[in-house]
K.L.:
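Can you read through this structure? Questions will come right after.
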Amino acid sequence: MLKLLCLNTATPNLRVKPDSNLAFHSLGRLTGLTRRSPTNSFFRACFCSDSSDESGSVSSSQPVVKGEVKGAESEANGSDSKASSAIMPTCPKPEYYLTVSVLPLPRRPLFAEFYMPIHVKPHLSLMHSKPNFFHGKFRLGNIYTGNKHALRLFSSDNAPSPIVTELISKQQWKSLKTHHKNASPITLLQQLLDSKTDPDLTLRYFKWSEKEFNLSYSVELSCKLLHSLANAKRYPKMRSFLHGFVKNENSISVSSVFHAISVSGDSFCANSIIVDMLVLAYVENMKTHLGFEAFKRAGDYGFKLSVISCNPLLSALMKDGKIGDVEYVYEEMMRRRIEVNVISFNTVINGLCKVGKLNKASDVIQDMKAWGVLPNVITYNTLISGYCKKGRIGKMYKADAILKEMFAIEVRPNEITFNILIDGFCKDENLSAAMKVFEEMQTQGLKPNVVTYNSLINGLCLEGRLDEAVGLQDEMVGLGLKPNVVTYNALINGFCKKGKMKEATDLFNDVVKNGISPTIITYNTMIDAYCKDGRMEDAFALREAMVDRGTFPNVTTYNSLIAGLCREGNITVVRNLINEMLNKALKADVVTYNILVDALCKEGESRKAARLLDEMVKIGLRPNHVTYNTLMDGYCREGNLRAALNVRTQMEKEGRRANVVTYNVLIKGLCKKGKLEDANGLLNEMLEKGLIPNRRTYEIVKEEMVEKGFVPDIEGHLYSISAS
DNA sequence: CTAGGGTTAG
């Protein structure tokens, strides 16, 4: 019934010289040759069957394909194309074989295998994309030394002998090895898969033989094994198998894995389970992009996924900042009717909050109610936190409203809820509101913890209310709460910003005295303070000290030092420092560039600063408001208002809307040019856009307009200006 | 397996 052609030049266990050319005939066309993992010396070759008859067997009396095999591929030496001669001397052994399994699917499988030298490079003309295939793989090393046949055939009727299964179940590998020295591992594995052998045994053999013969079975065989495990409900074993598969496999595309899964078994349910576990395995192995691709493909194939894989996928995409993909997965989950739970929704809400899509996040809460999933305290905490961090004007009012809603639907706020609100009010420079929430928290019977106090202490420090901050620190100690490094960082920063370096240094020394390890933030805070104090030697000395203690400078450290040197006008040392930073594989970030842009502008070199802006775009950094505002300020100071306004246009083209600082810079620029009417126009424009003028706006208006006898015409807005 | 605190630039 089955005739396969031998390699026409084949001799059993053929041994060829590495660089010999060898013609071979097979029943298929090579459809692809791909590299496998760089650590394994494998290639993967795909053949395409030219003809298979109704019975699914391959009928042939003529060789269909004449493949010419020649050349070599080196993985150790990299390049695919020019490797033919270069790699040979480095190969460990002169024997290189190709193993090919022939799998005329979707009928009952019949298998064949034959060996070929590894120096096989299919002619491009043989490449063909039919999905019917022969497939095989190349490997280095003389595996089947005992084999007398270059070609072996066997059919699925063959069952492994009871002796073999017995040996496997007893893990008597040595005996097994002698027993099947004339068979190939693939033959035996195939037999185990086709017979009703316990899948646990097959798995055991699979693992042993891959290790023993240093080979890697094809994806199709792996998938067949997965199917048999799935049918026997061996889920934990499937999980760990797929975990290992995904971990070691670096070159097999998601699409070929899907193809293999779908052709290796016909149980739709098993397919779905395998794919679900595959997605999870990708995510757990930090291959989120592949997990995402598998998620999409599962939709194409109609395989049903579960929260077990989709939630970790959502979470991983979130952590990668791929919010667009998070939204896609979320919408697909709905569309495909994948079960969703509160964790799925919370993850999506968190993602949307992180990018400031607060209205969308609120919509998701409505979605979840519609799906019969009740929001929990985490859902609300996430949303409140989003409003506190990303909300615009009136954000705290909104956050408070969400708290009210929680009470209304009887979701009890916890310590974290209150901590988020307290921190939000502190950041909003509304300490009195923060203190009110602090009291409310205790009224509700919830105990403030270290985080609560840290938020309040930091809020007070940023307002310069240092005595009160220290008072709170005493209070927390009195309650048995131990100040931690974050507490100290906040306090140190508060003293530094007030110019009280002596107190800051004392606190810094207290940190170590109290058995707390300073963090990079502690050091950076002190270093920055030294720089701003003009004590560059102290700053550099502390940098040395931190390295000695095993904490290494990061970009922020360098930014502070660079800014300090720029203030001194010490451009040479700045250059050295930047080089040093790059040598340590630290990348300059937006802040670094902003510091340099500012330095150039202050030297009256705004054009050069503008070139720096182009440079940052080129290296993939996105200029932010500070960048544009700094550059605009530079042009304004040079009296080049036209250039400044062009920067504003450029900024808005890049999706950055003018903020208060932008207006302050431009208003001042116009005033300096005597264009008070235009400045007044901008002032109105700013107010119409709902931007709240700050202290600086007020100063500019006062100094440049009012004191020069020009009364700004900002009717209806007069209050907000004078109140600033 | 989802929520909270501290550093640098305009």
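Each chain gets a letter, A, B and so on, in the order the sequences are listed, and its residues count up from 1.
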K.L.:
Using OP1 and OP2 only, check whether a side-chain N or O of Lys389(A) sits under 4.0 Å from dG5(B).
P.N.:
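For dG5(B), OP1 or OP2 has a side-chain N or O of Lys389(A) closer than 4.0 Å.
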K.L.:
I want to verify a distance call: between dA3(B), dG5(B), dG6(B), whose nearest atom is closest to the Asn493(A) side chain?
P.N.:
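Closest nucleotide to the Asn493(A) side chain: dG6(B).
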K.L.:
Given dG4(B), dA9(B), dT2(B), identify the nucleotide with an atom nearest to the side chain of Ile378(A).
P.N.:
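So the side chain of Ile378(A) is nearest to dT2(B).
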K.L.:
Are Val555(A) and Thr592(A) packed together at the side-chain level, in the sense that at least one heavy-atom pair is separated by less than 4.5 angstrom?
P.N.:
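Yes; the side chains approach each other to less than 4.5 Å.
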K.L.:
Have a look at Asn554(A) and say if it touches a base, only the backbone sugar-phosphate, or nothing, with a 4.0 Å heavy-atom cut-off.
P.N.:
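Answer is nothing: Asn554(A) stays at 4.0 Å or more from every strand.
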K.L.:
Tell me the interatomic distance from Asn489(A), atom CG, to dT8(B), atom C1', rounded to whole angstroms.
P.N.:
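For the pair Asn489(A) CG and dT8(B) C1', the rounded distance is 14 Å.
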K.L.:
Quick one: label Asn664(A) by what it contacts on the DNA or RNA (base, sugar-phosphate, nothing), any heavy atom closer than 4.0 Å.
P.N.:
nothing
K.L.:
Please pick, from dG6(B), dG10(B), dG4(B), the nucleotide with the shortest atom-to-atom distance to any side-chain atom of Val485(A).
P.N.:
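It is dG6(B).
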K.L.:
Using a cut-off of strictly less than 4.0 Å, decide whether Asn350(A) has a side-chain nitrogen or oxygen near OP1 or OP2 of dA3(B).
P.N.:
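Answer yes for this pair, as a side-chain N or O of Asn350(A) is under 4.0 Å from OP1 or OP2.
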K.L.:
Any idea which of dT7(B), dG5(B), dG10(B) is nearest the Val451(A) side chain?
P.N.:
dG5(B)
K.L.:
For Asn376(A), answer base if it contacts any base atom (sugar-phosphate contacts may also be present), sugar-phosphate if it contacts only those atoms, and nothing otherwise; contact means non-hydrogen atoms under 4.0 Å.
P.N.:
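Counting heavy atoms under 4.0 Å across all strands, no contact is made by Asn376(A).
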K.L.:
Around Asp467(A), counting heavy atoms of other residues, nucleotides and ligands shown, do more than 12 lie under 6.0 Å from its CG?
P.N.:
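No, not enclosed.
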K.L.:
Can you confirm whether or not the ring centre of Tyr380(A) sits under 6.0 Å from the ring centre of Phe407(A)?
P.N.:
no
K.L.:
Separation of Ile416(A) atom CD1 from dC1(B) atom C1', in whole Å?
P.N.:
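These atoms are roughly 14 Å apart.
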K.L.:
Grab the CG-C1' distance between Asn454(A) and dG4(B) for me, whole Å please.
P.N.:
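Computing the Asn454(A):CG to dG4(B):C1' distance gives 11 Å.
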K.L.:
Classify the side chain of Thr519(A) versus the base of dG6(B) as yes if they form a donor-acceptor pair under 3.5 Å and no if they do not.
P.N.:
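Answer is yes: a donor-acceptor pair is held.
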K.L.:
Let's test your reading of the model: under 3.5 Å, does the base of dA3(B) pair with the side chain of Asn346(A) as donor and acceptor?
P.N.:
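Checked by distance alone, the answer is no.
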K.L.:
Out of dC1(B), dG6(B), dA3(B), which nucleotide sits closest to the side chain of Ile521(A)?
P.N.:
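Shortest atom-to-atom distance from the side chain points to dG6(B).
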K.L.:
Quick one: the side chain of Asn449(A) and the base of dG4(B), do they pair up donor-acceptor inside 3.5 Å?
P.N.:
yes
K.L.:
Go through Lys357(A) and Glu327(A) one step at a time and tell me if the salt bridge (Lys or Arg N to Asp or Glu O under 4.0 Å) criterion holds.
P.N.:
CA-CA 11 Å; Lys357(A) 294 183 173 179; Glu327(A) 287 183 70; 2.9 Å; yes
K.L.:
Can you tell me the distance, in whole Å, between the CG atom of Asn311(A) and the P atom of dA3(B)?
P.N.:
12 Å
K.L.:
Does Lys319(A) put a side-chain nitrogen or oxygen below 4.0 Å from OP1 or OP2 of dC1(B)?
P.N.:
no
K.L.:
Say whether, by atom type as modelled, one donor and one acceptor occur between the side chain of Ser385(A) and the main chain of Asn381(A) under 3.5 angstrom.
P.N.:
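Pair absent, no side-chain N/O of Ser385(A) close to backbone of Asn381(A).
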K.L.:
Taking 4.0 Å as the cut-off, does a side-chain nitrogen or oxygen of Ser385(A) come that near to OP1 or OP2 on dG4(B)?
P.N.:
yes
K.L.:
Using whole Å, what does the distance between atom C1' of nucleotide dG10(B) and atom CG of Leu596(A) come to?
P.N.:
14 Å
K.L.:
Could you please name the option among dG6(B), dA9(B), dG4(B) that lies closest to any side-chain atom of Ile595(A)?
P.N.:
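That would be dA9(B).
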K.L.:
Touch check for Thr630(A), heavy atoms < 4.0 angstrom, all strands: base, sugar-phosphate only, or nothing?
P.N.:
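Answer is sugar-phosphate: Thr630(A) comes under 4.0 Å of backbone atoms only.
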K.L.:
Nearest to the side chain of Asp598(A) - dG4(B), dG10(B), dG5(B)?
P.N.:
dG10(B)
K.L.:
If I take atom CG in residue Leu446(A) and atom C1' in nucleotide dG4(B), what distance separates them, rounded to the nearest angstrom?
P.N.:
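Answer to the nearest Å: 13 Å.
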K.L.:
Any side-chain N or O of Lys497(A) less than 4.0 Å from the OP1 or OP2 oxygen of dT8(B)?
P.N.:
yes
K.L.:
Assign Lys602(A) to base, sugar-phosphate, or nothing according to its heavy-atom contacts below 4.0 angstrom with the strands shown.
P.N.:
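No contact at all - Lys602(A) keeps every heavy atom at 4.0 Å or more from the nucleic acid.
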K.L.:
Can you measure Leu561(A) atom CG to dT8(B) atom P for me and round it to whole angstrom units?
P.N.:
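Going from Leu561(A) (CG) to dT8(B) (P), I get 14 Å.
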K.L.:
Considering only heavy atoms from C-beta outward, does the side chain of Leu561(A) approach that of Arg543(A) to under 4.5 Å?
P.N.:
yes
K.L.:
Could you tell me whether Lys322(A) and Asp325(A) have a side-chain N and a carboxylate O separated by less than 4.0 Å?
P.N.:
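Looking at Lys322(A) and Asp325(A), the cut-off is not met.
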K.L.:
Counting the atoms with a prime plus P, OP1 and OP2 as sugar-phosphate, which does Asn659(A) contact under 4.0 Å by heavy atoms, base, sugar-phosphate, or nothing?
P.N.:
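It contacts base atoms.
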K.L.:
Compare the minimum distances between each of dA9(B), dG5(B), dG4(B) and the side chain of Asp423(A), then state the nucleotide with the smallest one.
P.N.:
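Of all the options, the side chain of Asp423(A) is nearest to dG5(B).
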K.L.:
With respect to the side chain of Val591(A), which nucleotide from dG6(B), dG10(B), dT8(B) is positioned closest?
P.N.:
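Nucleotide nearest to Val591(A)'s side chain: dT8(B).
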K.L.:
Give a yes/no on whether any side-chain N or O of Asn458(A) is located under 4.0 angstrom from OP1 or OP2 of dG5(B).
P.N.:
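So the side chain of Asn458(A) is outside the cut-off, no N or O lying under 4.0 Å from OP1 or OP2 of dG5(B).
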K.L.:
Consider the side chain of Val661(A), meaning its heavy atoms from C-beta on, and name the nucleotide among dG10(B), dT2(B), dC1(B) that approaches it most closely.
P.N.:
dG10(B)
K.L.:
If you look at every strand shown and take non-hydrogen atoms under 4.0 Å, does Thr487(A) touch a base, only sugar-phosphate, or nothing?
P.N.:
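Since no nucleic acid heavy atom lies under 4.0 Å of Thr487(A), the category is nothing.
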K.L.:
Using atom CD1 of Ile562(A) as one end and atom P of dT8(B) as the other, report the distance to the nearest whole Å.
P.N.:
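Whole-Å distance recorded here is 15 Å.
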K.L.:
Between the base of dA3(B) and the side chain of Asn419(A), is there a donor-acceptor distance below 3.5 Å?
P.N.:
no
K.L.:
With distance as the sole criterion, is a donor-acceptor pair present between the side chains of Thr630(A) and Asp633(A) under 3.5 Å?
P.N.:
no
